[in-house]
Undergrad: 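Okay, here's the structure, questions in a sec.
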Amino acid sequence: MTPAELSAAVRAAVQAAVDAGDLAVPVPAEVRIERPRVKEHGDYATSVALQLAKPAGRPPREVAEAVATRLRETAGVAAVDVAGPGFLNITLDAAAQGALAQTVVDAGDSYGTGSAMAGEKVNLEFVSANPTGPVHLGAVRWAAVGDALGRILTAAGADVTREYYFNDAGSQIDRFARSLLATAKGEPVPDDGYAGAYIEEIAAQVVAQNKGVLDQDEATAQETFRVAGVDLMFEEIRSSLADFGVVFDVYFNEKDLHDKGELDDALKRLTEQGRTFEQEGATWLRSTDFGDDRDRVLVRSNGEPTYFLADCAYYLDKRQRGFDRCIYMLGADHHGYVGRLRALAACFGDDPDQTLEVLIGQLVNLVRDGEPVRMSKRAGNVVSLEDMVDAIGADAGRYALARYSSDSPIDLDLDLWARRGNDNPVYYVQYAHARVASLLRNAAELGLDKGELQPALLSHEREGALLGALGEYPRVVATAAELREPHRVARYLEELAGTYHRFYDACRVLPRGDEEPTDTHRARLWVVEATRVVLANGLRLLGVSAPERM
RNA sequence: GCGCCCGUAGCUCAGCGGAUAGAGCGACUGCCUUCUAAGCAGUUGGUCGCAGGUUCGAUCCCUGCCGGGCGCGCCA
C-alpha cells in the first residue's frame, strides 16, 4: 500500500463516519499522512482527528475513535491506535507494506513522476551569464539547481523549457570588445575593462581567425573583436556547461530582441496600457503602481533603451511563446530585481503571482584549506565552472550545489568534496547505489531469480523501514517541485542510502555458500531492486551519475 | 534609512503547525573466514538568537528587537 492509497483510505474512513452520522464535518479534500519518527507510533500517522475536532464540536480522541473504527476494516491495515491528544497511529501488515516493492519495480524509471503540474508550460531561465568571461560560481549554483529543478518539474508533469538569456548587446559587451582589442595590441585594458588570462587567450584566437584585424580602423576592429570574442566566449561557456551536464533548450540572444524591434513593441504595449510617462527627457515605467521601490527608466534621455526595457521585451516574448509561468533564477546580489520584474509583468496586465516567479539563490563561497578562495573577474583570478569541475568533478559539484536550500549561503570546502570518502555526501549516496548494483550482479551470477513477490515475508523491521522510505519518494519529488527545492531530493537520497545500509547490515539477501535459495531471499531481492530504482531515479533528477561500481 | 535572505549540536546543515527537534562530520568504543567496511552499532553533544502574540499544539505563522550576509543607478 502506498502512502497515497493510505491517505485515500483514511479519507474514506472519515467519509464513512460522516455517512453513518457519527461525525458532522465537511470531509477534507486530502488527508495528510506522515511517517512518525518513533517506531512505537506505527508505520504511518495522521492528525486528521485533531483538525476535525473543532468543526465537529467533539473532543479530538472521540473523533479519532470514530475514524479508527472504520479504518481498521481497511484491507492491509493491521492496527490503528489512538494516541496522545488524538493522533491516529497506523500499522500496516507486512504484505501490504511489502507490496510496495512491486509497485516501485513495476513503475521503474517512472516511479516518482506525477501529474500535479500537467499541462503547465514553464520557462525556466537560469545561468544567463554574460559572455564576457567564464561562468563564475554564483551562476554555477543555478546551473546545478536550475537543471535539477527542470528535471523535477518535468517529473511533476510540467512542460519545461530551459532557457539561457544571452546578453550579446550593451555596454558590458562593448567593454569586453575594447579589452580584447587593447590586449591584442599589447596595450593596457581600459579601467572599466576585463583582464586575465582568458582575455589574452580569446584575443589571440580572434587575431588568429581574423588576419589583418589589427590593421583595421579602431571601430571596425572593435566590432570584429566583439562578434568573434562573444562567439568564442559563448562556445566556451556552452561547452563547460555541457561538461557539467547542463544543456539548455533555448539560448536566447538579447540582440534578437533589438533586431526584431521587440523593444519598440514592448514600449508601445506598455504605453497603451497607460503605464509609461515622460520626465526629464526620458521615458519611464510607473512600476511603483505595482509595488516596485521606484519607477524605472525605459528609454534614456539620450534615446538609448535601458537594459530594463530589454527585460520587458524579453518577458513579453516569453509570454507570447505561450509560457504560463516564467521562472527566473537570480543570485542574491540581484534580489533587488524582484520588485521590478513583478511590476513589469503587472504593467503588461498579467498577474505576477500566476505568471512570474523569481527564485533567489544566496551566494556561494569556495573554501580551500580552511581559507576562502577569493575571486575577482577584474583581477582575472576567476573561480569558474571549469575550475570547480577540475577540482572536484561534475558529480560532486552538482550534488554539493544542489543539496542545500537556495536560501542559505554556502561555503563549499573543495578539500571535502574532492575526497573519495564517507564524509563526502555524494559518495555516501553513490556508494549505496554501487552496493545495490553489485548485489544484483551477484544474484544474476547465482542464477537467483526474484520470481513472484511474496510480500508477507518482508516482516523484518529494517525491511519495513526501507519499504517505508521507498514509499516516500513520490511525495518528496512532488514537494520538491511544488516548493522549487531540489535539495529535498538530495536529503531524501541520503536518508534512503542510510536506510538501505542498515537493511543490508541486518538482512542477508543472497544465499550463503551452498545454501538453498528461499522465498525470503527472493522477496528481499525485490526490495533491493526497488531500492536501485529509487536511488537511480533520484540521482538522475539531480543530474548525478549512479555508478554500477565504485 | 528602506528591502530580501539567514540565525537549530563543537563544525556544515535538514526539518512546507504535530508527539521525545534530526543527519553527516568531529571526538570516544565496538563489528569484516562467504552479498562492496566508501558500511553498520553504540557513546558524546541543544536556552531551535531574544521577547511578545496567534492556537488544542509553534523551530515553523505574525509583530518588535539583537546579530550576520546581500541589495537599494538614465550600470548591466
Side-chain angles (χ1 to χ4, degrees), chain A residues 32 34 36-38 40-41 45-47 50-51 53-54 59-60 83-87 89 130 132 167 169-173 175 192 254 279-284 293-294 296-302 304-308 310-311 331-339 360-363 367 403-413 416 419-425 427-428 430-432 434-443 445-446 448 479 482-483 485 487-488 490-492 494-495 497-498 500-515 521 524 528 549-550:
Chain A
R32 278 192 56 183
E34 55 190 53
R37 280 191 294 272
V38 212
E40 287 72 30
H41 293 161
T46 176
S47 60
L50 289 162
Q51 282 142 21
K54 192 176 238 181
F87 290 103
N89 292 336
N130 282 352
T132 54
N167 301 133
S171 61
Q172 293 216 0
I173 297 293
R175 287 208 287 273
D192 60 355
E254 180 189 349
Q279 189 177 309
E280 295 166 22
T283 307
W284 297 67
D293 296 343
R294 44 179 301 153
R296 305 288 167 181
V297 173
L298 295 170
V299 182
R300 299 188 188 101
S301 48
N302 67 5
E304 286 293 311
T306 60
Y307 185 86
F308 182 61
D311 280 341
D333 52 343
H334 286 77
H335 75 250
Y337 275 54
V338 178
I360 298 297
Q362 298 299 314
L363 302 181
V367 175
R403 91 182 275 265
Y404 301 97
S405 158
S406 298
D407 283 339
S408 76
I410 48 180
D411 294 326
L412 281 195
D413 184 336
L416 179 130
R419 220 169 287 158
R420 309 183 69 80
N422 54 358
D423 45 356
N424 185 343
Y427 282 105
Y428 186 76
Q430 288 184 315
Y431 179 62
R435 245 183 164 186
V436 166
S438 161
L439 204 159
L440 293 175
R441 276 196 303 274
N442 294 342
E445 264 174 43
L446 285 176
L448 180 64
T479 306
E482 188 190 334
L483 300 179
E485 292 185 344
H487 76 274
R488 287 170 182 275
R491 299 298 176 147
Y492 164 81
E494 289 169 31
E495 236 180 86
Y500 177 73
H501 288 315
R502 286 186 285 277
F503 155 82
Y504 181 91
D505 192 55
C507 298
R508 177 78 199 188
V509 178
L510 301 181
R512 298 163 193 265
D514 51 4
E515 195 183 352
H521 291 128
R524 284 179 176 168
V528 172
R549 289 187 168 81
M550 286 176 78

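Every chain is numbered from 1 and lettered A, B, ... according to where its sequence line falls, protein lines coming before strand lines. Atoms considered below: every heavy atom in the structure, side chains included; atoms not considered: hydrogens, waters and symmetry mates.
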Undergrad: Classify the side chain of A/T306 and the base of B/rC74 as holding, or not holding, a donor-acceptor pair under 3.5 Å.
TA: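 Check fails, no donor-acceptor contact within cut-off.
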Undergrad: Compare side-chain N and O positions of A/S405 against OP1 and OP2 of B/rC16 and report whether any pair is under 4.0 Å apart.
TA: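 Checking B/rC16 against A/S405, no side-chain N or O comes under 4.0 Å of OP1 or OP2.
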Undergrad: Sequence neighbours excluded, which residues qualify as side-chain hydrogen bond (donor to acceptor under 3.5 Å, both in side chains) partners of A/E254?
TA: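 Per chain and number, A/E254 pairs via side-chain hydrogen bond (donor to acceptor under 3.5 Å, both in side chains) with A/N167.
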Undergrad: So A/A45, base contact, sugar-phosphate only, or nothing? Heavy-atom distance under 4.0 Å.
TA: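 Base contact - A/A45 has a heavy atom under 4.0 Å of at least one base atom.
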Undergrad: Along nucleotides 29-36 of chain B, 5' to 3', which nucleotides get a B, which get an S, and which get a -, given that the test is a protein heavy-atom distance under 4.0 Å?
TA: -----BBB
Undergrad: Answer with base, sugar-phosphate or nothing: what part of the nucleic acid does A/E280 contact at a heavy-atom distance below 4.0 Å?
TA: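 Contact class for A/E280: base.
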Undergrad: Quick one: A/R488 CZ to B/rG22 C1', roughly how many Å, whole number?
TA: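 Those two atoms, CZ and C1', are 14 Å apart.
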Undergrad: It should be established whether A/Y404 places a side-chain nitrogen or oxygen under 4.0 Å from OP1 or OP2 of nucleotide B/rG15.
TA: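 False: A/Y404 side-chain N/O out of range (4.0 Å or more) of B/rG15 OP1/OP2.
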Undergrad: Do A/F503 and A/V528 come close enough that some side-chain heavy atom pair is under 4.5 Å?
TA: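 Yes, side chains in contact.
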Undergrad: Can you sort out the partners of A/H501 under side-chain hydrogen bond (donor to acceptor under 3.5 Å, both in side chains), two or more places apart, ordered by chain and number?
TA: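 Expected list: A/R435.
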Undergrad: Do A/T479 side-chain and B/rC16 base share a donor-acceptor contact under 3.5 Å?
TA: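 Answer yes: a donor N or O sits under 3.5 Å from an acceptor.
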Undergrad: Can you find a heavy atom in the side chain of A/Y492 that is under 4.5 Å from one in the side chain of A/H487?
TA: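 A side-chain contact under 4.5 Å is absent here.
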Undergrad: Taking atom P of B/rC70 as reference, at what distance in whole Å does atom CG of A/D411 sit?
TA: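 Those two atoms, CG and P, are 12 Å apart.
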Undergrad: Restricting to nitrogen or oxygen on both sides, can you table the protein-nucleotides 53-59 of chain B pairs closer than 3.5 Å?
TA:
from: B/rC56; atom 1: OP1; to: A/K54; atom 2: NZ; distance (Å): 2.8

Undergrad: Dot-bracket notation for RNA chain B is requested: 5' to 3', Watson-Crick or G-U wobble pairs only, both distances under 3.5 Å, with ( ), [ ], | and . as defined.
TA: (((((((..((((....[...))))((((((.......))))))....(((((..]....))))))))))))....
Undergrad: Let me know the distance between CG of A/N89 and P of B/rG18, rounded to the nearest Å.
TA: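 Going from CG in A/N89 over to P in B/rG18 covers 15 Å.
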Undergrad: In whole Å, what is the span from the CG atom of A/D413 to the P atom of B/rU12?
TA: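 These atoms are roughly 11 Å apart.
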Undergrad: Taking side chain as C-beta onward, heavy atoms only, is A/R549 less than 4.5 Å from A/R441?
TA: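 A side-chain contact under 4.5 Å exists here.
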Undergrad: Using a 4.0 Å heavy-atom cut-off across all strands, classify A/E494 as base, sugar-phosphate, or nothing.
TA: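 It contacts nothing in the nucleic acid.
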Undergrad: What is the glycosidic conformation of B/rC31: syn, defined as within 90° of 0, or anti?
TA: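 What B/rC31 shows is an anti base, its glycosidic angle lying more than 90° from 0.
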Undergrad: Can you name the atoms? Protein N/O to nucleotides 71-73 of chain B N/O, anything below 3.5 Å, with the distance.
TA:
from: B/rG73; atom 1: O5'; to: A/R294; atom 2: NH1; distance (Å): 3.3

Undergrad: Suppose you measure atom C1' in B/rG73 against the same atom in B/rC11; what distance do you get, rounded to whole Å?
TA: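 That atom pair is separated by 41 Å.
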Undergrad: Considering only the P atoms, how many Å lie between B/rC61 and B/rG1, rounded to the nearest integer?
TA: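 Result for the P pair: 25 Å, nearest Å.
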Undergrad: Identify, between A/A169 and A/A83, the residue whose nearest nucleotide on RNA chain B lies closer to the 5' end.
TA: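 Looking at the nearest nucleotide for each, A/A83 comes out on the 5' side.
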Undergrad: Give the rounded distance in Å between these two atoms: NE2 of A/H501 and C1' of B/rG24.
TA: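 For the pair A/H501 NE2 and B/rG24 C1', the rounded distance is 12 Å.
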Undergrad: In whole angstrom, give the distance that lies between atom CG of A/L412 and atom C1' of B/rC25.
TA: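 A/L412 atom CG is separated from B/rC25 atom C1' by 15 Å.
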Undergrad: In whole Å, I'd like the distance from the OH atom of A/Y427 to the P atom of B/rG24.
TA: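 For the pair A/Y427 OH and B/rG24 P, the rounded distance is 20 Å.
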Undergrad: Tell me which nucleotide among B/rC13, B/rC74, B/rC5 gets nearest to the side chain of A/V297.
TA: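 From the listed options, B/rC74 comes nearest.
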Undergrad: Between atom CZ in A/R32 and atom P in B/rG15, what is the gap in whole Å?
TA: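 These atoms are roughly 14 Å apart.
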Undergrad: Would you classify A/L298 as touching base, sugar-phosphate or nothing, given that sugar-phosphate means primed atoms plus P, OP1 and OP2, and contacts are heavy atoms under 4.0 Å?
TA: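 Result for A/L298 = nothing.
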Undergrad: Base, sugar-phosphate alone, or nothing: which one does A/S301 contact when heavy atoms must sit under 4.0 Å apart?
TA: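 If one applies the 4.0 Å heavy-atom cut-off, A/S301 turns out to touch a base.
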Undergrad: Counting the atoms with a prime plus P, OP1 and OP2 as sugar-phosphate, which does A/S171 contact under 4.0 Å by heavy atoms, base, sugar-phosphate, or nothing?
TA: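 Sugar-phosphate contact only.
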Undergrad: Taking atom P in both B/rA21 and B/rA9, what distance in whole Å separates the two?
TA: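 So the two P atoms sit 14 Å from each other.
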Undergrad: When you compare the ring of A/H487 with the six-membered ring of B/rA14's base, are the centres less than 5.5 Å apart and the planes under 30° from each other?
TA: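 Here the ring of A/H487 and the base of B/rA14 are not stacked, as the 5.5 Å and 30° limits are not both satisfied.
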Undergrad: Within a strict 4.5 Å, meaning less than it, do heavy atoms of the A/L483 and A/R488 side chains meet?
TA: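 Yes; the side chains approach each other to less than 4.5 Å.
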